Amino acid sequence: MTATDLPGDRPFVLLATRAEDRPADEEYALFLRYTGLAPERLIRVRLERDPLPPLDLDRVSGILVGGSPFNASDPLEKKSAVQRRVEAEIADLVAEVVARDTPFLGACYGVGTLGTHLNAPIDATYAEPISVVDVRLTAAGREDPLTAGLPADFTAFVGHKEAISALPPEAVLLASSPSCPVQMFRLGRNVYATQFHPELDVEGIVTRIHAYASYGYFGHDELDLTLAAVRRAPVHEPSRLLRTFVERYAR
């Protein structure tokens, strides 16, 4: 199925929060590539720049959320005015998404947004450096329609300062890794979040490594080590999630 023969005409929406143009534009290009959507079917909203416009969930196929330099667990006094606005806007949207079980897939920052909605503990206990990790599907993950096409074990790109340290009972754990127990989960039937980045390829993560070199993801003398870490193993499988999400929910 190509971008031109997807059913329906309702677009998907990508919520983005990257202030730097190069990684922001590359993120959008990667979502286009791996969803198979044409640009007119994937509307990007740069929340770090513009307020969230009104979204009629009956007029969209689904919501995608990209990664973010924001940390949900930071103390309020350390959050910028932009971050506080973005978090408030996303919180209202996520509450409606969860209540209506609207198709939603949040990559990395999606864990923070959904975890906050669930009042789940989000902290640095299971932070992961920028790297490639081994991810394993749970029994529920092997049966879930979004992940069923993935192998039981696969590699994925990660890099995050916070994670959910305990998943509440209303969420279904779909994937885990030795260094981060909650790598993917589902709420209801259609609301998903991944801690890993299904949209990334090597070139994309290298761009982000350079763009966020001063953001505390690695030490000032660890650039070469970090670049080597994302090449330790090939990563091919996670992007399937984006294509499956679109094929499942396009309308």
Side-chain angles (χ1 to χ4, degrees), residues 1-18 21 23-68 70 86-87 89-114 117 144-150 156-157 174 184-201 204 208 237-251:
M1 185 176 290
T2 67
T4 57
D5 58 19
L6 285 168
D9 58 5
R10 299 179 189 179
F12 290 81
V13 176
L14 172 63
L15 302 181
T17 59
R18 301 186 184 280
D21 286 339
D25 291 343
E26 195 165 272
E27 178 182 70
Y28 181 51
L30 287 165
F31 271 100
L32 288 172
R33 180 193 306 170
Y34 290 124
T35 59
L37 290 167
E40 62 269 19
R41 294 291 302 274
L42 182 59
I43 298 172
R44 177 174 59 157
V45 180
R46 290 188 62 171
L47 292 175
E48 87 295 339
R49 186 180 64 192
D50 304 310
L52 179 66
L55 287 180
D56 182 349
L57 296 183
D58 290 325
R59 298 179 67 86
V60 302
S61 289
I63 306 291
L64 294 159
V65 177
S68 177
F70 297 153
V86 169
E87 289 181 347
E89 292 171 346
I90 287 183
D92 289 342
L93 177 63
V94 164
E96 184 180 6
V97 163
V98 172
R100 298 181 57 173
D101 201 22
T102 299
F104 177 99
L105 176 58
C108 195
Y109 192 45
V111 169
T113 58
L114 284 182
H117 175 79
D144 190 273
L146 193 65
T147 52
L150 295 177
F157 293 116
L174 300 177
M184 183 174 182
F185 66 92
R186 188 190 75 238
L187 295 177
R189 296 179 59 192
N190 303 307
V191 179
Y192 295 87
T194 68
Q195 188 64 78
F196 58 86
H197 285 273
E199 83 284 6
L200 277 178
D201 57 16
R208 293 186 193 176
E237 304 297 340
S239 62
R240 291 192 195 181
L241 289 172
L242 299 178
R243 186 65 178 184
T244 301
F245 183 81
V246 164
E247 290 178 349
R248 184 180 178 199
Y249 293 117
R251 57 192 177 126

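Being a predicted model, the structure only gives us computed values, none of them experimental.
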Notebook entry, point to check: Which residues pass the side-chain hydrogen bond (donor to acceptor under 3.5 Å, both in side chains) test with Q195, sequence neighbours left out?
Noted result: none
Next item on the list: Please round to the nearest 0.5 Å and tell me the distance separating atom CG of L64 and atom CG of L42.
Entry: 6.5 Å
Next item on the list: Could you pull out the closest heavy-atom pair between V191 and V97, with the gap in Å?
Entry: CG2-CG1, 3.9 Å
Checklist line | With D101 via salt bridge (charged side-chain N to carboxylate O under 4.0 Å, His left out) - residues at least two apart | finding: none
Check: Can you tell me how far OG1 of T35 sits from CG of L241, rounded to the nearest 0.5 angstrom?
Finding: 12.5 Å
Check: Between G204 and L30, what is the shortest heavy-atom contact and its length?
Finding: CA-CD1, 4.1 Å
Item checked: salt bridge (charged side-chain N to carboxylate O under 4.0 Å, His left out) against R33, all qualifying residues, sequence neighbours excluded -> D201
Next item on the list: Sequence neighbours left out, what passes side chain to side chain contact (heavy atoms under 4.5 Å, CB included) with S68? Give chain and number order.
Entry: T17, F70, Y109
Checklist line | Partner residues of R248 under the salt bridge (charged side-chain N to carboxylate O under 4.0 Å, His left out) criterion, sequence neighbours left out | finding: none
Note to self: Could you check whether any side-chain heavy atom of D92 comes within less than 4.5 Å of a side-chain heavy atom of L52, counting everything from C-beta outward?
What the structure shows: no
Next item on the list: Output all residues satisfying side-chain hydrogen bond (donor to acceptor under 3.5 Å, both in side chains) with D58, sequence neighbours left out; order by chain, then residue number.
Entry: R100
Check: Does the side-chain contact (heavy atoms from CB on, under 4.5 Å) test come out yes or no for E96 and T102, once each step is laid out?
Finding: CA-CA 8 Å; E96 184 180 6; T102 299; over 6 Å; no
Next item on the list: Rounded to the nearest 0.5 Å, what's the gap from CZ on R251 to CG on D9? Could you check?
Entry: 10.5 Å
Item checked: Non-neighbouring partners of E87 that pass side-chain hydrogen bond (donor to acceptor under 3.5 Å, both in side chains), sequence neighbours left out -> K79, Q83
Note to self: Quick test of your reading of the model: are D21 and R46 salt-bridged, counting only N-O distances below 4.0 Å?
What the structure shows: yes
Next item on the list: Looking only at non-hydrogen atoms, find the nearest pair between P198 and T194 and report the distance.
Entry: CD-OG1, 3.5 Å
Check: ring pair (Phe, Tyr, Trp, His ring centres under 6.0 Å) with Y249: which residues, sequence neighbours excluded?
Finding: F245
Notebook entry, point to check: Is L242 close to E199 at the side-chain level, that is, under 4.5 Å between some pair of heavy atoms?
Noted result: yes
Check: Taking only residues two or more places apart in sequence or in another chain, which ones pass side chain to side chain contact (heavy atoms under 4.5 Å, CB included) with V60?
Finding: V13, L57, I63
Check: Say you draw a straight line from CG of D144 to OH of Y192; how long is it, rounded to the nearest 0.5 Å?
Finding: 3.5 Å
Check: Under the ring pair (Phe, Tyr, Trp, His ring centres under 6.0 Å) test, which residues partner F196, sequence neighbours left out?
Finding: F154
Note to self: For the CG atom of L32 and the CZ atom of F12, what is their distance to the nearest 0.5 Å?
What the structure shows: 12.5 Å
Note to self: Could you tell me if the side chain of L114 sits less than 4.5 Å from the side chain of V98, heavy atoms only?
What the structure shows: yes
Item checked: Minimum-distance pair of heavy atoms, taken over all atoms of A156 and P238 -> CB-CG, 3.8 Å
Margin query: Less than 4.0 angstrom from a charged side-chain N to a carboxylate O is my criterion; do R208 and E27 meet it?
Written below: yes
Item checked: Residue list, salt bridge (charged side-chain N to carboxylate O under 4.0 Å, His left out) with E26, at least two apart or on another chain -> none
Next item on the list: Using side-chain hydrogen bond (donor to acceptor under 3.5 Å, both in side chains) as the criterion, list what pairs up with D50, not counting sequence neighbours.
Entry: none
Next item on the list: Please confirm whether the backbone N or O of G110 pairs with a side-chain atom of T113, one donor and one acceptor, at under 3.5 Å?
Entry: yes
Next item on the list: Report the distance from atom OH of Y28 to atom CD1 of I43, rounding to the nearest 0.5 Å.
Entry: 8.0 Å
Checklist line | Shortest non-hydrogen separation from G67 to H197 and the atoms involved | finding: CA-CE1, 4.0 Å
Next item on the list: Starting from the C-alpha separation in whole Å, work towards a yes-or-no answer on side-chain contact (heavy atoms from CB on, under 4.5 Å) for F185 and V111.
Entry: CA-CA 9 Å; F185 66 92; V111 169; 4.2 Å; yes
Item checked: Check: R186 side chain, G188 main-chain N or O, donor-acceptor pair, under 3.5 Å -> yes
Next item on the list: Could you tell me whether the side chain of S61 and the main chain of R10 form a donor-acceptor pair under 3.5 Å?
Entry: yes
